[in-house]
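See structure below.
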Amino acid sequence: MFDRVNLSYAAIVMNPDLGINAELFGFISGIFFIGYLIFEIPSNLMMKKFGASFWICRIMISWGVIAVATAFVQSTYELIVLRFLLGIAEAGFFPGMIWYLGTWFPKRYLARSIALFSTAIVISNIIGAPLSMYIIDTVNWGSIASWRWLFILEGIPAILLGIISFWVLRNGPADADWLGSANKEWLLKELESEKKIDSHTHTVSFRYWLIGGFCSSQGPTSQ
C-alpha cells in the first residue's frame with residue numbers, strides 16, 4: 001500500500017518538474033481510487049476463478065510495471081493515466097488477501113493472521129517514509145531526477161516478489177506439498193467443518209428472516 005503515499009513524497013520535486021499545482025495534484029492523487037473502486041469486485045472474482053497464486057502474481061507484476069513506468073512520464077496527462085491504471089492494477093489486493101487467508105486459517109486463528117498482515121502494511125509505511133525521503137534527497141544517478149528513481153526503486157521489488165509469489169504461494173492447503181499429510185488432513189477437516197456450519201447458519205437465518213417477513217406482512221390476527 002506504500003504506493004498510495006509515496007506520490008506525496010515524490011511531489012516535493014516532481015510537481016515543480018511537471019508544473020503541477022495543488023488542485024491538479026489532488027486530482028492526480030484521487031484518480032487512483034477511482035480505478036481501484038471500479039475494479040475492486042471484478043478483481044476479487046478473478047482471484048477466486050484463477051486462483052490466488054496466479055492472481056496475486058498478476059497484481060504485483062502489473063503494479064510494479066506501472067510504478068516503474070511512472071518514472072518516465074513527461075506530462076501531467078501521462079501521470080493521470082498511469083495513476084488510474086495503477087488503481088486498476090492494485091484493485092482487489094487487500095480484500096483478496098483477506099479472502100486468501102480465510103482459505104488457510106480456521107476462524108479461531110484468522111483474526112490473528114489478518115492482524116499480522118495489517119501490521120505489515122503499517123510497518124511498510126514506517127520504514128518506507130524515511131527511505132523515500134532519503135532517495136529524494138540523495139539519489140540522482142545518471143542525471144535522472146530523484147523522484148523518478150523513487151518510482152523505479154518502488155516498482156522493481158513488486159515485480160520480483162510477484163514472480164516469486166507465483167512459485168511460492170499455493171491456492172489452498174490441498175495444494176501445499178510442504179504441509180505434512182497429518183497436518184493437511186486436520187486443516188482441511190477444520191475448514192470443511194466450518195464451511196458446513198456457516199452454510200447451515202446462513203440457511204437457517206434466511207429461513208427465519210423469510211418467515212418473520214411473511215408474518216409481519218400479515219399483521220396482527222383478530223380475536
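Below, each value reflects all heavy atoms present in this structure, side chains not excepted, and no hydrogens, waters or symmetry copies.
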Quick check: do L7 and T70 have side-chain heavy atoms less than 4.5 Å from each other? no
When you compare the side chain of I59 with that of W55, does any pair of heavy atoms fall below 4.5 Å? yes
Could you tell me if the side chain of E190 sits less than 4.5 Å from the side chain of Y109, heavy atoms only? no
Closest heavy-atom pair, L150 versus S132, reported as atoms and distance to 0.1 Å, is CD1-OG, 3.6 Å
If you look at every heavy atom in S146 and V13, which pair is closest and at what distance? OG-CG2, 3.8 Å
Any side-chain heavy atom of R170 within less than 4.5 Å of one from W178? yes
Please find the pair of heavy atoms, one from S165 and one from C57, that lie closest to each other, and give the distance. OG-CA, 3.6 Å
Checking the side chain of E90 only, and the main-chain atoms of L86 only, is there a donor and an acceptor separated by less than 3.5 Å? no
Looking only at heavy atoms, what is the nearest atom pair of S43 and A91, with distance? OG-O, 2.6 Å
Will you find, in the side chains of W99 and N44, an N or O donor that is under 3.5 Å from an N or O acceptor? no
Could you pull out the closest heavy-atom pair between R148 and A71, with the gap in Å? NH1-O, 2.6 Å
Quick one, W147 and I136 - any side-chain contact, counting heavy atoms below 4.5 Å? yes
Do W141 and V68 belong to the same hydrophobic cluster, where Ile, Leu, Val, Met, Phe, Trp and Tyr are linked whenever their side-chain heavy atoms lie under 4.5 Å apart, directly or via other members? yes
Under a 3.5 Å distance rule, please check whether E154 uses its side chain to pair with a backbone N or O of A67 as donor and acceptor. no
So F94 and I121, do their side chains get closer than 4.5 Å, heavy atoms only? yes
Is there side-chain contact between Y9 and I135, with heavy atoms separated by less than 4.5 Å? no
Without swapping roles, check the side chain of T103 against the backbone of Y100 for a donor-acceptor pair under 3.5 Å. yes
pair V168-S53: side-chain heavy atoms closer than 4.5 Å: no
Does any N or O in the side chain of S193 come within less than 3.5 Å of the main-chain N or O of K189, such that one atom is a donor and the other an acceptor? no
How far apart are the closest heavy atoms of L188 and P173, and which atoms are they? CD2-CB, 3.9 Å
